[in-house]
Structures are given as C-alpha cells and as structure tokens.
Trainee: 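Would you mind keeping the following structure in view while I ask a few things?
A note on names: the letters A, B, ... follow the listed sequences, proteins ahead of strands, and every chain is numbered from 1.
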2 protein chains.
Amino acid sequence: MPPDRTDTAPGAPTLSDVAARAGVSTATVSRALNAPSQVTQATRDRVMQAVRDLGYAPNFGARALAARRTNTFGAVIPTMDNAIFARGLQAFQDTLREHGVTLLVASSSYKPEQEEDQIRTLITRGAEALLLIGHDRTAAAYALLDRQHIPYLVAWAWDEGAPRPCVGFDNRAAMQALTAEVIALGHRRLALITADRAGNDRARARFEGVCAAMTAAGLDARALLVEETPYSIANGAAAFARLMDAHPRPTAVLCGNDVLAAGAVTQARALGIDVPGDVSVTGFDDIELAAILTPALTTVHVPHCEMGRRAAQMLLDMRAGAAPPPGLRLDAGIAWRASLGPPPVAGGPG
Amino acid sequence: MPPDRTDTAPGAPTLSDVAARAGVSTATVSRALNAPSQVTQATRDRVMQAVRDLGYAPNFGARALAARRTNTFGAVIPTMDNAIFARGLQAFQDTLREHGVTLLVASSSYKPEQEEDQIRTLITRGAEALLLIGHDRTAAAYALLDRQHIPYLVAWAWDEGAPRPCVGFDNRAAMQALTAEVIALGHRRLALITADRAGNDRARARFEGVCAAMTAAGLDARALLVEETPYSIANGAAAFARLMDAHPRPTAVLCGNDVLAAGAVTQARALGIDVPGDVSVTGFDDIELAAILTPALTTVHVPHCEMGRRAAQMLLDMRAGAAPPPGLRLDAGIAWRASLGPPPVAGGPG
DNA sequence: TCAGAATATGTAAGCGCTTACATCTTGCCG
DNA sequence: CGGCAAGATGTAAGCGCTTACATATTCTGA
C-alpha cells in the first residue's frame, strides 16, 4: 500500500498527491510519467487520470535535481529587438525540440558584463550547453564556462583558426566580396554605417572586409567614411543623414546590417535622395525586411536556417561527449536587389 | 569548523564546495549570497573569493525547491516570428526586472493545444504568474491555471465584462473607428485580410468592428470581402493578390495587422497598383515596420509599452496577494500615414 | 505443481539549496 | 568583571523528484 499522506495540500499538487489519489507509490507515478512502458496499462491509466484530476504539473527544479539532467540548452544573443537572429534561432530551437531539448534565450544588449550575467543565469537554470554569438567576450565568461564544464558553440562567425568551436560564415570575406562588387560598379567614394566595433568581432570583421576590398582595388581605405552607431532603424537614418552632409558625398553607403540599411533607405526618401540613382545602399544579413524595403535591399545573404540547424546538431553532439568539432564554415552570398547601382555620372553633385 | 567534504567534485561546483574552500558552513555561504548584511565583511569577502575561484553558479532548481519561490513569471505569446508582441513584451520584462523577477517566454504558434502545453511548461519551470494573450483558450488550460493557483492576466485584449483580469484595448471598437474613417473618405467596397478567427478573439473582434462600422454607415456587412490567412508578409501579399482579382475591386483593403498589410503594400507595388491612389490599405498594431513601408501605413496605434508596464504591475500585485483587478482599458488611436486616401474618382477601373 | 525468470511495484536515499533553531562570540553595561 | 543581548555562524530538516535496490506478483516450462 502506498503511504497515505494527509491530503490537506494547500499549494499546487505534487507527485505524492497524485500517488495518493491513484493508490500507488510516488515511484510508480514517476515511472508512469517518464517510462510508461515499465508500468501496467491499468496502473498507468489510473495515474494519468489522477494527474488530470489534480491538474498536476511536475516541478522542473526537483526533477532536474533528482535526475541530474535538464534537457535544456541556452542561447545568449545580443538583442531581440530586431529580426537579425530570429530566423537562425528559430531553426536552432526547432532542431533542439526534435531531440527533446528546450531552449532558453537571453539577450545581452551588446554589453559584455550583461552577457556574462546571462551566461551565469542560463547555467543556473540548468543549461547543459550554450549557443553564443561571436567570439568577443570577457575572460571571466570563458572561465565560467570552463569551470562549469558547459559545452558551448560560437555562432554567426567563422574565423580562420578560431580557438573555439564555431559555426558561421566569414564576415570579413563576405563584406569584402560585396564591397568589391560595389567598387566594380564604379563607386569610389564609399561610406560605412557600422555598429559599435568594440566588443563586436562581427562588426570589426565587416569593417575590415570593406577596407580590404578598397585596398585590393587600389583605393585608400583611410578615405572610408565611417559612422558608428548602435543597431536601430532610427540610428541608421541619423547616420545616413550625417553622411549626406559630407563633401564630396559618398556615392555608396555600405551598412553593417539590414536594420541600419533600412534606416538609411528611409532617410534617403525623406531627404529626397534617390536610391540607387543618387546613392547606393547595401545591407548585411538578408532579413525579411530587406526584400520589402523600397527600393529592395542588395545585401549579404546569410544562411540563417542552416546555421541554426547545424549549431543545434553540433551542440547536441558535444553534450553527448563528442570532441569539440572544428569550426564549420558556411557560405554567405550576395542577394542582388534594387538598392545598388552604378554611381551617378560624373560622380554626382557632390 | 565546517564539514570538510572530499574535494574530488567532478561536476560543477556546489554550495558546499564553496563552503569548504571558504572555511565556513553552507548556511553561511547561502547567507553571504542572499542576505549579505547578515554576514561579517571578512567572511563575506572570503566566500565571494571562493565563489570566483570556483566559478560557482547556484542551482536554480535546488534554490527554488528550498526557498519555495522562483521570482519567475511566464508569458505565452502566439508567435515570435514577427514584431507584434515584441515591444509590449519588452516593457513587460523591463518592469518585471525592476522588481527582481525574471521572465520566461514561450510561443504557441496560435495553436490552442500548444498553448496549453506551454502553460504547463512554464508552470513546471516555476512561473509564479502568467501573461497570456487574448481570452480564447481551452477549458483545460484554464482548469490547470486554477488548480495550480497561478495568477494570470489576459493582455492585448479588453472586453466589456470579461470574466478574467485583463489589460488591453478594445479591438472591436478600434477597428470600428478606423473603418468608420475609411468609409467617411468615401470608400464603399471594402475588403478585410484577417488572421484565422477560430481561436483568436482579437481577430474576431477586429472583424466584428469592420462589420459594425459598415452597418452603422448603412452598408451591407455581408458584402465585405474577407480573406483569412495566417499572419505573414507572404500570406498578406497572396491575399491581396486574390482580392485584386475580384470584380468590382475593393477600393480599400483593411488588414488585421501590420504584417499582413506589409504584404499587401508590397504586392500592390508588384502588381503596379498605386497605394493609396488605386487602393487604400490599412494595418493594425503600429509596429516599427508600419512607418518605414512605402507608402507608410495608416494603422491602429496600440499602446504597447504602457500595456506591458501595466500588465507587469498588475501581475506583481496579484502575486503579492491582491484581489484580481478589474479589466484595464487602454486607448488605441489611429496613426495617420500615407496608405489611406480617398477612393479613385468614379470608383476606379473595377 | 513448483522453481526460477520476468515483470511490476514499493522503499528510501539523496540531488543542492534555504532557513528555523541551536550554538558560539562579542561587546557592553552595571 | 559577570551576565546578557545582539550578532555571527553552524546544524540539520526538508523542498519534490528520480532511481538503485528490495520486494511482491505473474508467467513459463518441465
């Protein structure tokens, strides 16, 4: 006979409430829930009925504590404000779910200390593996990850000889390729609207890509006009406005991502500047927004979904004890749309 | 002297590892972490040093189990794919954080069974209160919430005499007001692109608002062309294309939200249809996208931030034992932009 | 019919933490 | 200088669950 606790439970129902109601032990309830095949059909039915009657929901903390596993992964992304990480993360999550793993997402607002905090929070909540964006973070954050023996993977960035497992594309090479196309169209006076480069290796790599392309084409990279501002449409618009005050004006404004580019394109309209007739604009990321802007944005296409899927697979393997895999490089191509064209003849009114 | 456990801990460091290293008991470590004022400065320093040395991160589950509180709230939103809920949720989260509460977010993909699942998951993970979107959900979901004694709040919807605490705006009235303006501009042939109305009381309310405005203006609501499709830009575009095949064509296409409207506007351009010259388009929600579309979208402005803040405050009060508050009605106005104008003269080419 | 295998269920020991309570210091006052 | 309040720290009992192990119970074949 199962133990018959006093049934004056005032709080939420627990396993033993269910056990009492079903007339079995807590062990049997636990098995009925987690390993149904080990329990008689009849018993199982009784247990399930009790679960339903009581509106029982297991206590995750207690379960994790006892079972010493959580089936939970974590991801810390810089921001949820825009859609940059949305699609990749969705694919990541979907793949994890197929393997019975829940994803917890936190955001760092591009602040290193906050990222460290969020990593700690996710560990605290039982994350068995973590997805992180880019390589830049505090030594303390890496130390914490090591001390806790948490497998982690850097995504949205692939670098030659990176010392950590990573999956992504070569930000530098992709931006260099796009810039080379811009230059090939005849543009000579270039500008870049970039996110803050401090603490953001992807932004730095993209900046370097622009410089490399200029140098390779025989242009002076020091002549690149640079506006640095946090990612947002409004900031992109403001930065674009500042660039249009330069003399001579740039004929092409490269943007560190599509959100900044959206601001640039919108601001161009407000200023009565034709894109791409007067000024060309390019983005980076190829989020949904890029295609519905007017004009539609020429941008670097990032393989969001594949990256998310691969990241999930790699982390699952690592949790299972696989050796840290080598970096996985994915291709980022160019999505050609309307916002990029040749410069105005005679270099424009600048 | 504190107990000196064997220090061959292979896994992540625990409280007693920290205690051993600092030369104190686990109770003292716990206090140093949670109630620093109860511990001598010297002891506290020693503990903190040990925490740092070991890379200790507390175990949330164990803590929740012992302390019987989690300081965690949950929210189940229909989707994270688009930005509809982003701003409100951000405000909700920010307000909670000010009060030391962490937010866990889950999404239901507009599926009732999945929502029930997610509610259960959040409860399982220790949510002490829940934010839900709209009133429509399974009886089982409500039963579960009651049985678990979880305070919850319905947001993004306010209804006359709703039987549950809610905070939001009157979807029906807002859509009716916008439709009345459309009609006042001279439009007579109206169409509506709406999300699936089954299981979505907001979508139904908005539909009813359109009908009510038509009836009030002496038009036959049965003449309203309705396209029902899940929220997405692509679906909005497809629905718009179908509507443009109607004879006679509608002169105004109302959309159940801004995402559908973005699809409609984009598709109009693709079809060579001028907005608002040939056809007017309106949205609902006033997300960031609305302002940067071409033409910018006339839409219903929703007080996202205030709603999020108020929701947080109400739920915090409820957790503290306050009686369920009466529904809180916020105002939703109209954001006038370029996509709405008078119908073409002579009713257009339809 | 019965031993022994296979299956179903119960018992009870923690998982890592918090906290009521007990114990030990310290400081202060008469 | 004793005694006691106040403060600092230690002890140990669980929180709700899983799971190794022990204990029925049923089934199988000779």
Trainee: Do any side-chain nitrogens or oxygens of Thr43(A) fall under 4.0 Å of OP1 or OP2 in dA8(C)?
Mentor: no
Trainee: Backbone N or O of Pro58(A) within a donor-acceptor pair of the Thr124(B) side chain at under 3.5 Å?
Mentor: yes
Trainee: Hey, can you pull the donor-acceptor pairs under 3.5 Å for the side chains in residues 96-111 of chain B, sequence neighbours left out?
Mentor:
from	atom 1	to	atom 2	distance (Å)
Ser108(B)	OG	Tyr110(B)	N	3.3

Trainee: For the side chain of Ala27(B), starting at C-beta, report the closest nucleotide among dG16(D), dT9(C), dT19(C).
Mentor: dT19(C)
Trainee: Using whole Å, report how far CG of Leu65(B) lies from P of dG14(C).
Mentor: 17 Å
Trainee: Looking only at the side chain of Ala62(A) (C-beta and beyond, no hydrogens), which of the listed nucleotides dC17(C), dC17(D), dC15(C) gets closest?
Mentor: dC17(D)
Trainee: Which is true for Ala67(B) with a 4.0 Å heavy-atom rule: it touches a base, it touches only sugar-phosphate, or it touches nothing?
Mentor: sugar-phosphate
Trainee: Among dC17(C), dT9(C), dG10(D), which is the nearest nucleotide to the side chain of Val24(B)?
Mentor: dG10(D)
Trainee: dC17(C), dC17(D), dA12(D): which one has an atom nearest the side-chain heavy atoms of Leu15(A)?
Mentor: dC17(D)
Trainee: Looking at Thr26(B), does any N or O in its side chain come under 4.0 Å of the phosphate oxygens OP1/OP2 on dT18(C)?
Mentor: no
Trainee: Checking side-chain polar atoms at under 3.5 Å, does Arg46(A) have a donor or acceptor matched by the opposite partner on Gln49(A)?
Mentor: no
Trainee: Can the positive tip of Arg21(A) be found less than 6.0 Å from the middle of the six-membered ring of Tyr56(A), inside 45° of the ring normal?
Mentor: no
Trainee: Nearest whole Å is fine: how far is dA8(D) P from Gln41(B) CD?
Mentor: 11 Å
Trainee: Using atom CG of Leu33(A) as one end and atom P of dT19(D) as the other, report the distance to the nearest whole Å.
Mentor: 13 Å
Trainee: Do other residues, nucleotides or ligands put more than 12 heavy atoms under 6.0 Å from Arg137(B) CZ?
Mentor: yes
Trainee: Taking the minimum atom-to-atom distance to the side chain of Arg68(B), which one of dG16(D), dT18(C), dA20(C) wins?
Mentor: dG16(D)
Trainee: Can you see if the side chain of Ser25(A) gets near the phosphate of dT9(C) - specifically, an N or O under 4.0 Å from OP1 or OP2?
Mentor: no
Trainee: Taking atom P of dT19(D) as reference, at what distance in whole Å does atom CG of Asn34(A) sit?
Mentor: 7 Å
Trainee: For Gln38(A) and dA24(D), give me the distance from atom CD to atom P, rounded to whole Å.
Mentor: 20 Å
Trainee: Where the side chain of Thr14(B) is concerned, which of dG16(C), dT19(C), dG16(D) is the nearest nucleotide?
Mentor: dG16(C)
Trainee: Separation of Arg31(A) atom CZ from dA8(C) atom C1', in whole Å?
Mentor: 8 Å
Trainee: Between dC15(D) atom C1' and Asn59(B) atom CG, what is the distance in whole Å?
Mentor: 13 Å
Trainee: Are any side-chain N or O atoms of Thr95(A) and backbone N or O atoms of Ala91(A), one a donor and one an acceptor, separated by less than 3.5 Å?
Mentor: yes
Trainee: Any base atoms under 4.0 Å from Phe60(B), or only sugar-phosphate, or nothing? Heavy atoms, all strands.
Mentor: nothing
Trainee: Using a 4.0 Å heavy-atom cut-off across all strands, classify Arg69(A) as base, sugar-phosphate, or nothing.
Mentor: sugar-phosphate
Trainee: Look at all strands and tell whether Ser30(A) reaches a base, only sugar-phosphate, or nothing, counting heavy atoms closer than 4.0 Å.
Mentor: base
Trainee: Among the nucleotides dG10(D), dC15(C), dC17(C), which one has an atom lying closest to any side-chain atom of Pro58(B)?
Mentor: dC17(C)
Trainee: Output the single nucleotide from dC15(C), dT19(D), dC17(C) whose closest atom is nearest the side chain of Arg63(B).
Mentor: dC17(C)
